[in-house]
K.L.:
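One structure coming up, written as structure tokens, with questions to follow.
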Amino acid sequence: MNIVLCCAAGMSTSLLVERMKTAAKELSPEANIIAVAESEILQYIETDDRNDRADVIMLGPQIRYKLKSLKHEGEAKGIPVEVIPSVDYGMINGKKVLELALSLIK
Amino acid sequence: MNKVGQFLEEKVMPVAAKIAEQKHLTAIRDGLILGIPILIVGSIILILANFPVTGYPEFMASIFGEFWRQPLVIIYDATFAFYGVFSCLGIAFRLAEKYKIDALSTAVIALSCFVIQLPDHHNTWSISLSFTGAGVLFLALLTAIVTVEICRLVIKKGIVIRMPDGVPPSVSRSFVALIPAAFSILAAILIRIAVSFTAYGDLNSMITQIISAPLANLGASLFGVIISVLMIHLLWSLGLHGAMIVESVMLAIWMDLMGKNLAAYQAGQAIPYVVTKQFFDMWLYIGGSGATLALVCLMAFRARSKQVKTLGRMALPAGIFNINEPVIFGLPIVMNPTIAIPFILTPVVLAVITYFAMSTGIVARPAGLAVPWTAPFIMSGFLATGGKISGVALQIFNFIIAGLIYLPFFSVWDKKKLEEEQQASTAANSKTLSA
């Protein structure tokens with residue numbers, strides 16, 4: 001299961017990824033959580049390889065203007081796309097964001 | 001504020017989305033980013049080759065022999081001197097990807113068309129490395145875009161060679177690119193021949209005079225800087241990635257200026273421009289957009305509110321590397337006028353200070369070296385100026401100025417948060433008493 005976090009350069013979300021991984025040890029050990037740059041996100045939607053394709057995409061609130069178009073791209077492949085709530089993003093609340101991601105996949 | 005915020009969100013979001021989603025602009029920005037890691041390697045090499053310490057060249061020569069610079073020059077040629085090539089490939093790739101046509105083969109066609117436009121080196125039918133680097137950025141990006149558009153048009157019109165069933169997909173894919181390649185290359189050579197009859201002589205000179213020179217003047221001016229900085233921080237205070245949106249338009253200009261500075265630095269000439277990508281990254285965004293490292297330090301060491309202090313301590317390590325989303329969304333700065341005012345004001349003030357300090361020559365200008373924006377300040381100012389202490393001194397000065405601007409606003413916010421915390425605890429206490 002691939003949880004893909006996306007922000008401008010993939011830098012600030014990588015902070016959150018670390019916290020999410022810690023939370024995932026209990027909640028969802030099989031989750032593979034990564035942070036990617038906005039310019040690379042299409043690859044995780046387009047690819048036909050199930051191992052590489054995102055199962056859920058979470059956008060940093062600072063690029064929420066991408067939501068509409070990415071949601072459209074994601075829907076075609078059945079990938080849910082959502083914006084990370086800015087409070088959880090700011091406080092780097094890994095557990096809450098992971099819970100949200102898992103609830104979107106189901 | 002909420003009403004104003006909502007109004008701004010409704011008005012600004014669609015415009016921001018339009019710019020940030022515009023296919024050509026984003027392809028240019030993302031394509032230019034492709035070559036940056038290679039530029040960073042090249043910059044380190046260039047600093048090693050020209051380390052500004054007396055006796056350094058002699059010292060290196062005594063260890064590695066008199067040709068010690070040779071390997072470094074080769075690396076420079078293979079990195080910086082090909083930035084135009086990398087950008088052409090990158091931009092064409094990203095644009096083709098957005099159009100959902102075969103990105104790699106389209107990028108290679110674009111590269112071929114780019115080479116067609118390169119001027120002859122003194123009529124020797126050879127290509128000079130001076131026409132493959134950052135100096136031809138606008139030629140690279142225009143050929144990339146035009147080529148991808150031609151390819152897309154050809155494919156859309158259905159002019160492709162289709163292979164019968166049974167032919168391996170990779171074979172048929174190579175034929176799919178054949179017709180678009182033929183059309184693009186034919187168009188490229190016709191353009192080259194046509195331009196050769198004009199006074200410009202070649203396409204690069206034409207683009208330089210018509211497009212890049214006026215854009216460079218705009219991007220290098222204090223006016224252009226202040227407008228860009230205001231836009232970036234207004235967008236951030238709404239919680240949108242301002243730099244990402246504004247750079248869709250401005251990055252090509254700032255990278256072009258950076259290339260021009262580097263060429264001068266390489267040649268040992270005076271650095272022509274103050275404003276490059278590093279002008280912003282190194283002297284304005286100390287700690288991230290809004291120069292928030294000073295604010296984070298205030299939070300971590302001066303805050304009396306527990307919440308503010310905890311966030312400051314948490315955000316400090318990332319802040320040293322110029323990442324500040326935890327403060328922007330956590331404090332928050334977004335939709336919070338108390339902190340948004342200094343957040344917008346500080347970088348504008350720093351821009352004016354830095355611009356005057358550098359244009360008057362008090363402080364060394366950025367030498368066109370690609371220092372990553374994540375490099376901590378002090379170190380980054382030293383590297384970006386090619387090893388000048390004045391660059392570091394200005395960073396420290398700017399950091400202090402940022403602290404002074406943030407201080408009164410920070411105090412107000414800290415006090416407000418402290419009062420909230422005290423009220424919450426008295427409320428909790430009285431509850432336990434009454435229970």
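In what follows, every chain begins at residue 1, and chains take the letters A, B, ... in the order their sequences are listed.
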K.L.:
Side chain, backbone, both or neither: which part of A/Lys66 has a heavy atom under 4.5 Å from chain B?
P.N.:
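Both the backbone and the side chain of A/Lys66 come within 4.5 Å of chain B.
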K.L.:
Within the supplied structure, the quantity of interest is the number of heavy atoms (other residues, nucleotides, ligands) at a distance under 6.0 Å from B/Lys100 NZ; does it exceed 12?
P.N.:
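Atom NZ in B/Lys100 is crowded, with more than 12 foreign heavy atoms closer than 6.0 Å.
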K.L.:
Are the side chain of B/Arg94 and the backbone of A/Glu40 linked by a donor-acceptor contact shorter than 3.5 Å?
P.N.:
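Such a contact is absent between B/Arg94 side chain and A/Glu40 backbone.
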K.L.:
Side chain from CB out, backbone as N, CA, C, O: work out which of these in B/Leu240 comes under 4.5 Å of a heavy atom of chain A, or both, or neither.
P.N.:
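When you check distances to chain A, atoms from both the backbone and side chain of B/Leu240 fall under 4.5 Å.
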K.L.:
State the CG-OH distance between B/Leu235 and A/Tyr65, to the nearest 0.5 angstrom.
P.N.:
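B/Leu235 CG to A/Tyr65 OH: 9.0 Å, rounded to 0.5 Å.
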K.L.:
Can you tell which part of A/Ala37 gets under 4.5 Å to a heavy atom of chain B, answering side chain, backbone, both or neither?
P.N.:
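Neither; nothing under 4.5 Å.
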K.L.:
Given the options B/Thr310, B/Leu331, B/Ile245, which has more heavy-atom pairs under 4.5 Å with chain A than any of the others?
P.N.:
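With the most close heavy-atom pairs to chain A, the winner is B/Ile245.
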K.L.:
For atom NZ of A/Lys96, decide whether the heavy atoms of other residues, nucleotides or ligands shown that lie under 6.0 angstrom number more than 12.
P.N.:
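Counting other residues, nucleotides and ligands, NZ of A/Lys96 stays at 12 neighbours or fewer.
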K.L.:
Are there over 12 heavy-atom neighbours, none belonging to B/Lys23, within less than 6.0 Å of that residue's NZ?
P.N.:
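No - once you tally the heavy atoms of other residues, nucleotides and ligands closer than 6.0 Å, there are 12 at most.
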K.L.:
Heavy-atom distances under 4.5 Å only: say whether B/Glu21 touches chain A with side chain, backbone, both or neither.
P.N.:
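Looking at B/Glu21, just its side chain touches chain A.
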K.L.:
What is the distance from atom CD1 of B/Ile323 to atom SG of A/Cys7, rounded to the nearest 0.5 Å?
P.N.:
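Going from the CD1 atom of B/Ile323 to the SG atom of A/Cys7 covers 8.5 Å.
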K.L.:
If you count heavy-atom pairs within less than 4.5 Å of chain B, which of A/Gln43, A/Lys68, A/Met91 leads?
P.N.:
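Top option by heavy-atom pairs under 4.5 Å: A/Met91.
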K.L.:
Considering only heavy atoms from C-beta outward, does the side chain of A/Leu15 approach that of B/Pro326 to under 4.5 Å?
P.N.:
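A/Leu15 vs B/Pro326: side chains touch.
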K.L.:
When you compare the side chain of A/Gln62 with that of B/Phe329, does any pair of heavy atoms fall below 4.5 Å?
P.N.:
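When only atoms from C-beta onward are counted, A/Gln62 and B/Phe329 do touch, with a gap below 4.5 Å.
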K.L.:
Heavy atoms only, distances under 4.5 angstrom: which of B/Lys98, B/Lys18, B/His241, B/Met314 has the most pairs with chain A? Name it, please.
P.N.:
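The residue among B/Lys98, B/Lys18, B/His241, B/Met314 with the greatest pair count is B/His241.
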